[in-house]
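Accompanying notes for the structure given below.
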Amino acid sequence: MLGQDVARVSGGLAMSRAELDVTDAAAVKDAIGPGDLVFNCAAWTNVDGAEEHEDEATRINAGGARNVAEAAGSVVYVSSDYVFDGSKGEPYAESDPTGPLSAYGRSKLAGELATAEANPRHFVVRSSWLFGAGGRNFVETMLGLGPEVRVVDDQVGCPTFTGHLAEALVELARTEDYGIHHMAASGQCSWFEFAREIFARAGVDTRVEPCTTEDFPRPAPRPAYSVMTSERGHSLPSWQEGLEAYLGVRV
Ligand SMILES: NC(=O)c1ccc[n+]([C@@H]2O[C@H](COP(=O)([O-])OP(=O)(O)OC[C@H]3O[C@@H](n4cnc5c(N)ncnc54)[C@H](OP(=O)(O)O)[C@@H]3O)[C@@H](O)[C@H]2O)c1
């Protein structure tokens, strides 16, 4: 999902998993040259599935990340708000301590560290709750559901449009401002509030009821509050603007 927008915005060469498996170190070395800037958007992204397959998730999210960072001249590693435990109660900045709750979060944190170790010219960019064209996402899931839905109201975050994130990533990669960066949409909402806005803006007459995480047990624990802020001055458009932009480009 994100990779397609980054390829479009950067005008760079995009490679699918079939074209380059990031866990194949030799293939990565062949494909990526020491002068290349690489946006590593490849990942195991099945958050619940990672609980039972943590080794495989880590092999891709951390081992693959190391391979890419070692081969590249400079690298952007896209990471996640799920590296935080969600107990802070106010927005997370770049310097806040991490504490992933889930296997996926641990694998992404391991990927951050592997990237930083392997290449000093790294940008580790944490984003959150992505939606965009070219991938399964929450907006499409909601719009595909029936006349009544229940959505959790006790997880709060920043739904971020991949089109906006891709522009910010490409801009950042023009600098030498290496290290950890937070880039998520401005504002905050729960999944329930996000769903309500999706139906309102799409003009779809679906009844949305709030529920709790306990009503909807999932294998992977999620942070209750993973809103991000940037002490490095990053500011993306609001999640409502992101939703509006996405509804305009989705097919
Ligand atoms: N989605 C979110 O809410 C969210 C939030 C924060 C951060 N992120 C991070 O943002 C980045 C992009 O996420 P996304 O939502 O665009 O995910 P996505 O749509 O699931 O894309 C991930 C891509 O990685 C590919 N991939 C998986 N294993 C690979 C391997 N071994 N070698 C090469 N490619 C491989 C997948 O290919 P296949 O489909 O063929 O497996 C897929 O094309 C990821 O790093 C993710 O962790 C996502």
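This one's a predicted model, so the numbers in the text were calculated from it and none came from an experiment. Numbering of ligands and ligand atoms starts at 1, following listing order.
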Of the backbone atoms (N, CA, C, O) and the side-chain heavy atoms from C-beta on, which set of [X] has a member under 4.0 Å from an atom of ligand 1: side chain, backbone, both, or neither?
X: Ala18; result: neither
X: Thr45; result: side chain
X: Ser127; result: backbone
X: Thr160; result: neither

Taking 4.0 angstrom as the limit and counting only heavy atoms of [X], give me the atoms of ligand 1 inside it, by number and element.
X: Asp21; result: 30 (C), 31 (N), 32 (N)
X: Leu2; result: 12 (C), 16 (O)
X: Leu20; result: 32 (N), 33 (C)

Over all atoms of both residues, closest heavy-atom pair of Ala71 and Lys29: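 The answer is CB-CA, 4.3 Å.
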Which atom of Ser238 lies closest to which atom of Ala185, heavy atoms considered: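 Taking Ser238 first and Ala185 second, the nearest heavy atoms are C-CB, 4.0 Å.
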[atom] touched by protein heavy atom at under 4.0 Å:
atom: atom 39 (O) of ligand 1; answer: no
atom: atom 33 (C) of ligand 1; answer: yes
atom: atom 10 (O) of ligand 1; answer: yes

Would you say [X] and ligand 1 have an N/O pair spaced under 3.5 Å apart?
X: Ile60; answer: no
X: Ser128; answer: no
X: Lys108; answer: yes
X: Ser79; answer: no

Contact list for residues 212-251, test ring-ring contact (aromatic ring centres under 6.0 Å, His included), sequence neighbours left out: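 The answer is Phe131-Tyr246, His181-His234, Phe194-Trp239.
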Identify the closest protein heavy atom to atom 41 (O) of ligand 1: which residue and atom is it, and at what distance?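 Protein heavy atom at minimum distance: Arg17 NH1, 2.7 Å.
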Considering non-hydrogen atoms of the protein only, which is the closest contact for atom 3 (O) of ligand 1, and what is the distance?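 Looking only at protein heavy atoms, the one closest to atom 3 (O) of ligand 1 is Leu130 N, 2.9 Å.
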Hydrophobic cluster mates of Val6, side-chain heavy atoms under 4.5 angstrom, ILVMFWY only, any path?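 Members other than Val6 - counting any ILVMFWY side chain reachable under 4.5 Å - are Met1, Leu2, Val9, Leu37, Phe39, Val76, Val78, Phe123, Val125, Leu130, Leu165, Leu169, Val170, Leu172, Tyr178, Met183, Leu236.
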Could you check which of Ser16, Ala43, Ala42 puts a non-hydrogen atom nearest to atom 27 (C) of ligand 1?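 Among Ser16, Ala43, Ala42, the closest heavy atom to atom 27 (C) of ligand 1 belongs to Ala43.
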Examine ligand 1 and decide if any of its atoms is less than 4.0 Å from a heavy atom belonging to Tyr104.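 Right, Tyr104 reaches ligand 1.
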Taking the non-hydrogen atoms of Trp129, is any one of them nearer than 4.0 angstrom to ligand 1?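 Contact present.
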Please check: side-chain N/O of Glu94 versus main-chain N/O of His182, any donor-acceptor pairing under 3.5 Å?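 Here the side-chain-to-backbone pair exists.
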Can you see whether Thr58 engages Asp55 through a side-chain donor-acceptor pair at a distance of less than 3.5 angstrom?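 Short answer, no.
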Approximate separation, where rounding is to 0.5 Å, of Thr98 OG1 and Arg106 CZ: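 Reported value, rounded in 0.5 Å steps: 12.0 Å.
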Under 4.5 Å between any side-chain heavy atoms of Tyr77 and Asn61, yes or no?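 A side-chain contact under 4.5 Å exists here.
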Do NZ/NE/NH1/NH2 and the carboxylate oxygens of Asp48 and Arg222 come within less than 4.0 Å?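 Answer for the salt bridge query: yes.
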